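Inspection log for the structure reproduced underneath, given as structure tokens.
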Amino acid sequence: MGTTVEASLDPFPLTIAGREFRSRLMVGTGKYASNSAMIDAIDASGAEVVTVAVRRVDLNRANDEGILHHLDPERFFLLANTAGCYSADEAIRYARLARAAGFNEWVKLEVIGDQETLLPDTAGLIVATQTLAAEGFKVMAYTNDDLITALRLEEAGAVAVMPLASPIGSGLGMLNPYAIRTIKRRLGVPVIVDAGVGTASDACIVMEQGVDGILMNTGIAAASDPVRMATAMRQAVEAGRLAFLAGRMPRREIAVPSSPVSGMLDS
Amino acid sequence: MNGAPREIPRNSTLAELLGSLRIDPRLVVVEHNRTILRDRDGYALQSLAHGDVVEIVHFVGGG
């Protein structure tokens, strides 16, 4: 495991709220065919941050289904989400429950506004961010690709803002690179693109915009071979990051020869 | 409890309840009448009464 990008090529590790993370790729733990498939894919991804959800214990078979039976909290940074919450109050309740589990005070905050698109309720998101930040939470806020909302979330105390590439689970890739670049340019806190990445090229293009990282779940979990896709995603995130740091050549709408135009034989 | 009525022995404590369900307290979080119980050592002292609302949650896979 571990990153393959040499430290000298990407010298500044992802740092959120003063904590350094060893990978710019964060992964979810949902929708896997089995727990062993999940663990293998997470290992292949090289991710340090893994997201988990808070749900009721099934009292009829309580001893077999909690993710902590399978995921070693010593090896990964557990980032609890508030997925499935449709109001600020509900998300706040879930965040508090997650913190009481005792691992950390971080939360991937979701306040969903619509069942069909799973787009965020941005007003509720800002309120919940204010409340949780005041309680000492490190809030990473899942939001849409709207600059103004992103700015308000930063003002409200979010330690990272997580605009979507496209709707959760859609695999459509990044729909609005301009909006993502603008958010990255205008925010001081890290920008982690969350949701919508369907394949490795999507991840690479997202990272080429200069954002700080990507969180994905379905793109890996729903691949026919999650371990191969997790590996591809790790490499794509690293490739996109390096391409961004390298600075791409300008686009031209005419050809420019790569070989010398002088020294040609007489015709 | 977790959205469904449940009969338990009179004067049970939360620790006894979790034990009877074979739930490891370290792997769950308990909310009692909308108050999160952050001190697991307190479960043995937390008695349960008729009509109490208990939620027992844990981490599951999610994105």
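Computed from a predicted structure; not experimentally measured. We name chains A, B, ... by the order of the sequence lines, and we start the count at 1 in each one.
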For T218(A) and K31(A), test the side chains for any donor-to-acceptor distance below 3.5 angstrom and give the result as yes or no. yes
For L215(A) and I192(A), which heavy atoms make the closest approach, and how far apart are they? N-CG2, 3.8 Å
Portion of V57(B) that has a non-hydrogen atom of chain A nearer than 4.5 angstrom: both
For chain B, the option from N81(A), V54(A), L97(A) that forms the most heavy-atom pairs under 4.5 Å: L97(A)
Charged N-O contact under 4.0 Å between E48(A) and R24(A): no
For the residue pair A158(A) and T129(A), what are the closest heavy atoms and their distance? N-CG2, 3.7 Å
Using the side chain to side chain donor-acceptor pair (under 3.5 Å) rule, take S201(A) and T199(A) through it: C-alpha gap first, then chi angles, then the decisive distance, then the call. CA-CA 6 Å; S201(A) 56; T199(A) 188; 5.0 Å; no
Check this for me, if you would: do D43(A) and R75(A) make a salt bridge, where the nitrogen-to-carboxylate-oxygen distance has to be below 4.0 angstrom? yes
Between A80(A), G102(A), A98(A), which shows the greatest number of heavy-atom pairs under 4.5 Å with chain B? A98(A)
Chain A shares the most heavy-atom pairs under 4.5 Å, among M1(B), E31(B), R6(B), R26(B), with E31(B)
Given a strict heavy-atom distance threshold of 4.5 Å, which part of I56(B) is in contact with chain A: side chain, backbone, both, or neither? both
Heaviest contributor of heavy-atom pairs below 4.5 Å to chain B, chosen from N217(A), T29(A), L78(A), is T29(A)
Mind ranking R99(A), M26(A), M38(A) by heavy-atom pairs under 4.5 Å with chain B and telling me who comes out on top? R99(A)
Hey, which of A195(A), A100(A), G28(A), P73(A) has the most heavy atom pairs under 4.5 Å with chain B? A100(A)
Presence of salt bridge, R96(A) and E135(A), under 4.0 angstrom: yes
Under 4.5 Å from any heavy atom of chain A, what part of V60(B) do you find: side chain, backbone, both or neither? both
